[in-house]
**Q** 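Just passing along the structure, written as structure tokens.
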There are 2 protein chains.
Amino acid sequence: MNEFRLDDFLPYLLNNAAESTSRAFSEHYRREYGMTRAQWRIMAHLGTFGALTASEICTRGFLEKSKVSRAVAGLEDAALLRRQPSAHDRRAELLTLTDKGQQVHADLAAYARSFSDTLTDRLGSDRAAQLAEILRDLIDPQPGD
Amino acid sequence: MNEFRLDDFLPYLLNNAAESTSRAFSEHYRREYGMTRAQWRIMAHLGTFGALTASEICTRGFLEKSKVSRAVAGLEDAALLRRQPSAHDRRAELLTLTDKGQQVHADLAAYARSFSDTLTDRLGSDRAAQLAEILRDLIDPQPGD
DNA sequence: AAGAGATGGTTGCATATGCGACAGTTGCCG
DNA sequence: CGGCAACTGTCGCATATGCAACCATCTCTT
């Protein structure tokens with residue numbers, strides 16, 4: 001009969017796990033810096049990978065471009081990032097963190113780090129590493145790119 | 001220095017994996033039935049577990065209660081589910097799928113099933129099972145419950 | 001039995017979101 | 001070269017969302 005079991009449906013489990021593990025953390029940057037999830041994600045990308053364009057962030061982070069556009073505007077207003085024209089493409093803008101942005105990123109990264117350690121402890125480091133690896137496999141082949 | 005690596009941050013990977021694996025599927029029920037993500041999730045719960053109250057769905061699915069409230073209203077308007085008063089608690093309402101709701105659920109479940117098979121193939125069934133198991137461990141201890 | 005506090009569900013309001021349309025730019029093919 | 005498709009980022013609009021306030025009901029303590 002090919003029954004459907006919600007408890008085994010990977011997208012469902014992934015959504016729950018993502019939601020469950022992101023909530024506590026998101027409350028932190030929300031309280032401390034008034035940042036949204038999209039804003040934190042953009043900061044995290046720039047803090048980790050350096051200068052990126054908005055559309056690169058869209059692709060890497062599975063975010064809508066209008067969402068990124070507005071989140072970037074907010075971060076710019078808060079003086080956390082700066083735009084500069086791309087040398088090779090006049091449509092695109094390179095985004096980089098300001099000094100203030102770097103500081104904020106450093107704080108959030110430290111928090112994220114300790115948060116991550118908690119999760120790893122809970123799973124055991126072997127399984128945590130397994131999980132990360134499998135997730136990367138699952139993510140890589142992005143449908144439309 | 002305790003560096004922060006976004007590529008190893010589990011909440012990030014989980015969000016990307018969830019988003020990546022949910023997108024194609026969500027396009028389907030959106031197109032076919034005009035349903036939102038929350039609505040599909042509610043249908044999936046009711047289809048799998050039978051009668052539930054809204055708050056049980058909130059807890060299981062990591063959904064805000066106002067989101068559920070409105071999604072349920074929409075599903076009721078579409079005649080996909082029905083409310084009946086709980087025998088033991090006059091505040092609560094038991095939600096169940098209507099016949100039409102069951103049909104829609106059956107269709108979506110079949111689609112989900114084949115979708116799930118694709119993912120499992122891609123990972124290999126061992127790793128897919130590992131993943132599901134680890135995710136369940138990660139989810140279980142829900143912060144505020 | 002009474003009141004405090006928790007819980008179920010709805011709703012108002014401000015904000016966030018997705019989609020589609022748009023203007024400007026680029027790259028490619030004939 | 002000329003033009004057309006693809007791409008970048010922004011914006012308007014309708015809708016979805018989160019939060020807090022709210023009413024009704026339940027539970028627990030005393």
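Every chain is numbered from 1, with letters handed out A, B, ... down the list of sequences.
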**Q** Heavy atoms under 4.0 Å, any strand shown: does B:S66 hit a base, just sugar-phosphate, or nothing?
**A** base
**Q** Just to confirm, is there a sub-4.0 Å distance from OP1 or OP2 of C:dT10 to any side-chain nitrogen or oxygen of B:R83?
**A** yes
**Q** Would the base of C:dG18 count as contacting A:R70 through its side chain, where contact means a donor and an acceptor less than 3.5 Å apart?
**A** yes
**Q** Starting from the 5' end of DNA chain C, give me the residue, A:E64 or A:D89, whose nearest nucleotide shows up first.
**A** A:E64
**Q** Are the charged groups of B:E76 and B:R70 less than 4.0 angstrom apart, N to O?
**A** no
**Q** Any side-chain donor-acceptor pair under 3.5 Å between A:R136 and B:N16?
**A** no
**Q** Is the gap between the ring centers of B:W40 and B:Y33 under 6.0 Å?
**A** no
**Q** Using a cut-off of 4.0 Å on non-hydrogen atoms, how would the nucleic acid contact of B:K65 be classed: base, sugar-phosphate, or nothing?
**A** base
**Q** How is B:S86 classified with respect to the nucleic acid when contacts are heavy atoms under 4.0 Å: base, sugar-phosphate, or nothing?
**A** nothing
**Q** Apply salt bridge (Lys or Arg N to Asp or Glu O under 4.0 Å) to residues A:R127 and B:E133 and explain how you reach the verdict.
**A** CA-CA 10 Å; A:R127 306 180 79 215; B:E133 190 199 310; 2.9 Å; yes
**Q** Is there a side-chain contact between A:R90 and the phosphate of C:dG24, meaning an N or O under 4.0 Å from OP1 or OP2?
**A** no
**Q** Looking only at N and O atoms, is any donor in the side chain of B:R91 or the base of D:dC26 less than 3.5 Å from an acceptor on the other one?
**A** no
**Q** What is the distance, to the nearest angstrom, from the NE2 atom on B:H88 to the C1' atom on C:dT7?
**A** 17 Å
**Q** What's the CE-C1' distance between B:M35 and D:dA16, to the nearest Å?
**A** 15 Å
**Q** Grab the CZ-P distance between A:R37 and D:dT17 for me, whole Å please.
**A** 13 Å
